Undergrad: 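Let me give you the structure first, and then I'll get to my questions.
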Amino acid sequence: MSVSKVSFAKALNTALADAMEASREVVVFGEDVGTLGGVFRITDGLTARFGRERCFDTPLAESGIIGTAVGMAMNGMRPVAEMQFDAFAYPAFEQVASHVAKMHNRTRGKLSMPLVIRIPYGGGVGGVEHHCDSSESYYAHTPGLKVFTPASVTDAYVMLREAIDSPDPVVFFEPKRLYWSTAQVDLDELRSQYENGTLPRREGRAVVAREGSDATLISYGPSVPVCLAAAEEAARDGMSVEVVDLGSVVPYDDETVAASVRKTGRAVVVAEAQGFASVASEIAARTQERCFHSLAAPVLRVTGFDIPYPSPSFEHHHIPSSERILDALDDLQWED
Amino acid sequence: MSVSKVSFAKALNTALADAMEASREVVVFGEDVGTLGGVFRITDGLTARFGRERCFDTPLAESGIIGTAVGMAMNGMRPVAEMQFDAFAYPAFEQVASHVAKMHNRTRGKLSMPLVIRIPYGGGVGGVEHHCDSSESYYAHTPGLKVFTPASVTDAYVMLREAIDSPDPVVFFEPKRLYWSTAQVDLDELRSQYENGTLPRREGRAVVAREGSDATLISYGPSVPVCLAAAEEAARDGMSVEVVDLGSVVPYDDETVAASVRKTGRAVVVAEAQGFASVASEIAARTQERCFHSLAAPVLRVTGFDIPYPSPSFEHHHIPSSERILDALDDLQWED
Amino acid sequence: MSEPTPADGESAAQEHTPPVNPAVEASKNFGITPEQYMLPASSEIRLLNPDGSAVPESEQGQEPGHEYPMPDTDRLLTAYEKLVVGRRINDQNMALVRQGRMAVYPSSHGQEACQVAAALCLEDDDWLFPTYRDSVAVMSRGVDPLEVMSTYRGDWHGGYDPRQYKVSIQATPLTTQLLHAVGVAHAAKLRGENTVTLAMCGDGATSEGDFHEALNFAAVFQLPVLFLVQNNGYAISVPLSSQTRAPSLAHKGVGYGMASERVDGNDLAALLSVLGRGVELCRQGGGPLLVEAMTYRMQAHTNADDDTRYRERDEVSEWVAKDPITRMQRYLSDQGALDDAASERISEHAEAMAKRLREAMASKPELDPQDLFRFVYHEPTTQLREQAAQLADDLSREEA
Amino acid sequence: MSEPTPADGESAAQEHTPPVNPAVEASKNFGITPEQYMLPASSEIRLLNPDGSAVPESEQGQEPGHEYPMPDTDRLLTAYEKLVVGRRINDQNMALVRQGRMAVYPSSHGQEACQVAAALCLEDDDWLFPTYRDSVAVMSRGVDPLEVMSTYRGDWHGGYDPRQYKVSIQATPLTTQLLHAVGVAHAAKLRGENTVTLAMCGDGATSEGDFHEALNFAAVFQLPVLFLVQNNGYAISVPLSSQTRAPSLAHKGVGYGMASERVDGNDLAALLSVLGRGVELCRQGGGPLLVEAMTYRMQAHTNADDDTRYRERDEVSEWVAKDPITRMQRYLSDQGALDDAASERISEHAEAMAKRLREAMASKPELDPQDLFRFVYHEPTTQLREQAAQLADDLSREEA
Ligand SMILES: Cc1ncc(C[n+]2csc(CCOP(=O)(O)OP(=O)(O)O)c2C)c(N)n1
Ligand SMILES: Cc1ncc(C[n+]2csc(CCOP(=O)(O)OP(=O)(O)O)c2C)c(N)n1
Ligand SMILES: [Mg+2]
Ligand SMILES: [Mg+2]
């Protein structure tokens, strides 16, 4: 056991392998996840290690992938299905919204859907159209689904393990521009802590990724590093900014968020997705509902514009930047 | 020309017929819309009047319906596609999100998508599962789509005509429990006013459905009559409640909503859909963003619970009721 | 999470004997191409004429690989009883809907032979995937009608435990369930279980994308799934001719590399024989298979539908003469297997079932509004706990 | 909205002569069943051997209804030139990607015969529906390569005007475009226009539900759509055997009541003949049709892919010998239609095209960030106007 430089992608890959090792019920499938190891190599080596029956390529059909995952879950498996890119999960939307999310409820708990849908999402990697959507709001709006999205290498490992072990279906959003980010992590230690139950749970728990007292940035997934950078910058200007990383979008951690905002009295929600009717809207709405009398200013949002995700030459304008976050912080009526 | 009792369904039916009469580009299709006239009879008589080529049944495949509508729109038609029920539009989600919403943008305006997707939505009619979803938030969150939902017989006619005439794609949500509601309307007069351009436009315009001074209820579609009933009840208790009917969810009328809330200082958003990451979240978020300093209390929400739409025996608990709205009004810190 | 087991890259499935390749065997046995093996026989399989007489062997069009024997009389008698009960339940339910005791009912009146055969061809450990219309199949498989009907009464979305009966929920979103069936079969295969899955859908449903994806997944993974399409000629108001131009729906099989067959869906004997062989083939590893049963829905789509808007009464009447019950009844009587006493006993059984259903439906069960929040997740989220508390609060104030 | 026209329940389409029913005609002419008419010939259609020699008539497997004549030499020469240009552009683009001047490029190196034939078999008013891989088809139809490449450079999602060229956008979400093609054809039919639509997809894409729905809609509405599947054996890393168990992808046609054919996709002569006849049949009302072209992608899926992970180099090398260009070149040389001077001229043409592309890609165009908000709707909403103003403000402050 030792600390080493681990990439976000490697943490995910290790989580999958460890989960497959821990239970024969776990099976991994999707497009190109077998021989190729996935277009992002997140499933690299799993077929070689666990056999073609436990990590395999399917025909090219997303509704088919999720629909058969539903059947597998009905029959005792814990499927982990990969959608190759965010926008290519849309053909499976009916299976997700009408079955994955509802089967447990429909059967009064007789059937469980312990399945995970992994979706590489978001932009910032120069991807062409359909490869950069932030589609988490569609799923977060669908009762019965849990929605996780890690922002750190450690969380990538821990949250994917939690997702696979959850008796409920989890849509697991992997910020693709963090795949190649790295951190010093001891994966062996993490594994044993996770398996011993000595790690704090991430599901339903937001974490304060940076402490501060003047304002709170509430964020998740690919926007967390941007928020941390903005907070760092703000600190240079003498502003103490707290950053809350949700990680678990559903279930949502009202307590941690509200505690932070009540403390700082100011909040900005940051998310890359287009803002209208989004998770960011929800966070803003519930934060003002719960913290109204502590607020010195409205809860603001910094999000992607309400436009289709733009082409590579334009995406830097669209993705919330440190500057836009700092501007929003400036707008929080500091004279109040 | 004369005023008579007109049902919501009849107003829609007339709007379709008038639009087909006005332009040969308008074609109507979907499941059972031809001979049967649709399961709600909204397309009744259109095949007989305009022929099988202009109002026709398709094979049973929603992605096929919307995908071919995209092609028709590319090639000069104005398709009006019916989805039989809310949850049965989900198989078409990819076509809607990736093409209907984006084709105009993708081609820098070279192609237009002047198509309408009609979706009977919402509950309150004792429908079984998959027949009662309020799915407007999925579409409202998708840039490139317009989202309309009428709440009155007159708006049913006018907004459907506007939707069909719009050069942009419109997802047109028909509150199914209002289909059989009626009003005294002169459809001939309405038609000529609409066609003369003498009617005020509804797209992008919220209307104040009832004036009041103490609090604002912001709502749309099937919840508008509930809000009006609640306001009536509140009036009996001496509270003057304004009701704003959005009608056009996208584009959204910030001006009318903000003007009302700045006037009353208190707001409750009412919508039947599950609340998390929904249109109601958006309305609450943007209302506090814009009206923070006029607000005496947080913007509250009365919505469906964050659960799958329940079975008929339970739905009355789920749908926002006049009582729940009055409770929310009570919660608006009147002592402030 | 279950006990960790050593992972070793070997699957249980791999240890089994290689599955039969029936296309290869057929070409050995009959000298036909794989393509010929996969296509359905040139006409639908029928063992009993509409008048109840047995179709002579010479007229059965015995193409190589498409010969089906007459099931034995005992089996037919058991099946016949279920047919009569199924019809009685169908009609009872329609009456209950008319009386407002049930929210909706999609009757399979006229299609009961398909319903019964689908249930009877399976073993206990096999799985059945029905649609909204297939309540009689569900009951024929042993699910208590009262549990089935709770959905249509509106008490909850589903009534029975799918795992207990190995009967999935009655699917409403069309053909989504075919993929679930394929997934169930895939899981069973991975565990090395030798179960067969029978998955049902209607003619209209074959137009959905999920139909295509399900058949293809089943074929690619060589899963023991028997797809049964009840072709009743209509999807609500839309006739088959507006749904497909294929020579038959069974002709879709070859496009997946799947053998297929067409059968008279009002001929219980033929159905039992074709589906029985299909299940056996699947069990031997020769699946998946596609069977199209030609039948007719005698009533409207559901009680909410008005079928006079889209089909002629003459057409409906024509199908009265092909009724699956009278046909089987005549055959069994002619065989001396069904005397008046037996007929009487069967009617009484059916009547008793109907009575039980009527009585159960006469009263509404107590429903707990808090159930709304109990089954969304295994543990309610804080959000749901708050909402549950709010509802409880509202209700107690209302009562006060 | 356009001029109101009187509505009268009559369609333009109805006034046309009834479409041919080729299945009926085939059964008259050759005494075959409709099902036999719809199935592909027992082996793929080939007119030129890999070595460039013409396949003797006796070996072409001329099943009734499946005879295809050799196109005339002039036509082949025109097509050959496009083949050479297409190859050069493919290779130029891969070089540009390696140099970082283009974001991504899915090359059709090896598949150029399909690309060229798909474009050449259409008339000016016909429509082409290409995928991401079909840039060469798009250019062969006359779209300026610079306009095509703006997508892959990352300037905008699409470069050319689909209506001007009657070439749809290059679709990325697999097989969604087949439905668009069907809709375009349907609109044309409703207006009584006599245009044909050719819609392309890959082998992997045939597994998607939209493939199924598109073929079925086209068949039910009897639309003049020619579906061309380029079967290059892989969907990224997934081989055909994990995609389907069908005898061939062309066997899917009969399930829609659609005639189908398989053709050697590296044989430009066969492609021109098969697609040419297909377009003609569609134009006469005998569509839709399904054609599967057997070909091979010689390079990785895109520049981002590493094909050594999933296929043997030997397999790739084997296909070098079947290259569509050398094959056609040898044939034309043998015919005396392609001398050194002609070859030289064609190479120069290709080189000039490549140079123009290289030069254009050397500099980035000026892009206006405000364009982000211009094409979401015809008129920006108030929300978008606010966001546009905000971005303008941010950018001006950044500059300041
Ligand atoms: C995805 C989806 N779209 C539409 C519907 C509405 N609907 C319910 S039944 C039906 C017709 C089905 O016809 P068929 O498959 O032939 O079955 P049948 O009702 O004749 O048994 C339709 C359109 C649905 N349930 N699911
Ligand atoms: C709906 C959808 N799912 C997944 C993808 C990702 N993807 C792009 S190309 C491809 C393989 C396509 O294979 P095939 O259809 O054979 O075409 P080829 O690339 O071989 O030309 C995949 C999986 C996509 N573009 N769209
Ligand atoms: Mg049917
Ligand atoms: Mg391919």
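Every chain is numbered from 1 and lettered A, B, ... according to where its sequence line falls, protein lines coming before strand lines. Given the structure is predicted, the values throughout are model-derived calculations rather than measurements.
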Undergrad: I'd like to know if C:Glu386 and A:Arg290 make a salt bridge, using a cut-off of under 4.0 Å between side-chain N and carboxylate O.
TA: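 Yes, charged N to carboxylate O under 4.0 Å.
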
Undergrad: Does any heavy atom of chain A fall under 4.5 Å from the side chain of C:Asp210, the backbone, both, or neither of them?
TA: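 The side chain, not the backbone.
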
Undergrad: Which pair of non-hydrogen atoms, one from C:Gln383 and one from A:Tyr252, has the smallest distance, and what is that distance?
TA: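 It is NE2-O, 2.8 Å.
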
Undergrad: If I measure from the heavy atoms of chain C, does A:His99 come under 4.5 Å with its side chain, its backbone, both, or neither?
TA: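 Just its side chain gets close to chain C.
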
Undergrad: Which region of C:Leu384, side chain (C-beta onward) or backbone (N, CA, C, O), has a non-hydrogen atom less than 4.5 Å from a non-hydrogen atom of chain A, or is it both or neither?
TA: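 Neither part.
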
Undergrad: Have a look at A:Asn75 and tell me which of C:His180, C:Arg191, C:Lys166 forms a side chain to side chain donor-acceptor pair (under 3.5 Å) with it.
TA: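 In the set C:His180, C:Arg191, C:Lys166, the residue that makes a side chain to side chain donor-acceptor pair (under 3.5 Å) with A:Asn75 is C:Arg191.
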
Undergrad: Would you mind checking which part of A:Ile65 comes under 4.5 Å of any heavy atom in chain C, side chain (CB onward), backbone (N, CA, C, O), both or neither?
TA: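 Both parts, backbone and side chain.
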
Undergrad: I need the minimum non-hydrogen distance between C:Trp156 and A:Arg108, along with the two atoms involved.
TA: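 That would be NE1-CG, 3.2 Å.
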
Undergrad: Which bit of C:Ala171 is near chain A, if near means a heavy-atom gap under 4.5 Å: side chain, backbone, both or neither?
TA: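 No part of C:Ala171 comes within 4.5 Å of chain A.
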
Undergrad: Heavy-atom distances under 4.5 Å only: say whether A:Glu62 touches chain C with side chain, backbone, both or neither.
TA: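 When you check distances to chain C, only backbone atoms of A:Glu62 fall under 4.5 Å.
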
Undergrad: Please confirm whether the ring centroid of A:Phe29 lies under 6.0 Å from the ring centroid of C:His186.
TA: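 Between C:His186 and A:Phe29, which both carry aromatic rings, the centre distance is not below 6.0 Å.
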
Undergrad: Hey, what's the ring geometry for C:Phe221 with A:Phe56, parallel, tilted or perpendicular (30° and 60° as the breaks)?
TA: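 Ring orientation, 0 to 90° scale: perpendicular.
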
Undergrad: Measure distances from A:Ser112 to the heavy atoms of chain C and classify the residue's part below 4.5 Å as side chain, backbone, both or neither.
TA: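 Contact with chain C involves both backbone and side-chain atoms of A:Ser112.
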
Undergrad: Please classify the contact between A:Ala69 and chain C as side chain, backbone, both or neither, with a heavy-atom cut-off of under 4.5 Å.
TA: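 When you check distances to chain C, no heavy atom of A:Ala69 falls under 4.5 Å.
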
Undergrad: How close do C:Leu179 and A:Ser63 get, heavy atom to heavy atom, and via which atoms?
TA: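 Result for this residue pair: CD1-O, 3.5 Å.
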
Undergrad: How close do A:Lys110 and C:Pro162 get, heavy atom to heavy atom, and via which atoms?
TA: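 Smallest heavy-atom distance, with atoms named: CB-CD, 4.1 Å.
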
Undergrad: Checking heavy atoms, do the side chain of C:Val376, its backbone, both or neither come under 4.5 Å from chain A?
TA: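 Contact with chain A: backbone and side chain both.
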
Undergrad: Determine, stepwise, if the pair C:Asp161 / A:Thr107 fulfils side chain to side chain contact (heavy atoms under 4.5 Å, CB included).
TA: CA-CA 7 Å; C:Asp161 179 350; A:Thr107 59; over 6 Å; no

Undergrad: Within a 6.0 Å radius of atom CG on C:Asp368, are there more than 12 heavy atoms belonging to other residues, nucleotides or ligands?
TA: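 More than 12 heavy atoms, drawn from other residues, nucleotides or ligands, come within 6.0 Å of this atom.
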
Undergrad: What's the shortest heavy-atom distance between C:Ser168 and A:Met74, and which atoms?
TA: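 Taking every non-hydrogen atom into account, OG-CE, 3.4 Å.
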
Undergrad: Heavy-atom count around C:Gln390 CD within 6.0 Å, excluding the residue itself: above 12?
TA: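 Correct, the count exceeds 12.
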
Undergrad: Of the backbone (N, CA, C, O) and the side chain (C-beta and beyond), which part of C:Thr176 lies under 4.5 Å from a heavy atom of chain A, both, or neither?
TA: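 Contact with chain A: backbone and side chain both.
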
Undergrad: In this structure, are over 12 heavy atoms from other groups packed under 6.0 Å from A:Gln193 atom CD?
TA: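 Atom CD in A:Gln193 is packed in, count exceeds 12.
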
Undergrad: Compare every heavy atom of C:Val184 with every heavy atom of A:Gly71, then report the nearest pair and how far apart it is.
TA: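 Distance-wise, the nearest heavy atoms are O-CG2, 3.2 Å.
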
Undergrad: Between C:Tyr377 (side chain only) and A:His104 (backbone N and O only), is there a donor and an acceptor less than 3.5 Å apart?
TA: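 No.
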
Undergrad: Is it the side chain or the backbone of A:Lys146 that comes within 4.5 Å of chain C heavy atoms, both, or neither?
TA: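 Both parts, heavy atoms under 4.5 Å.
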
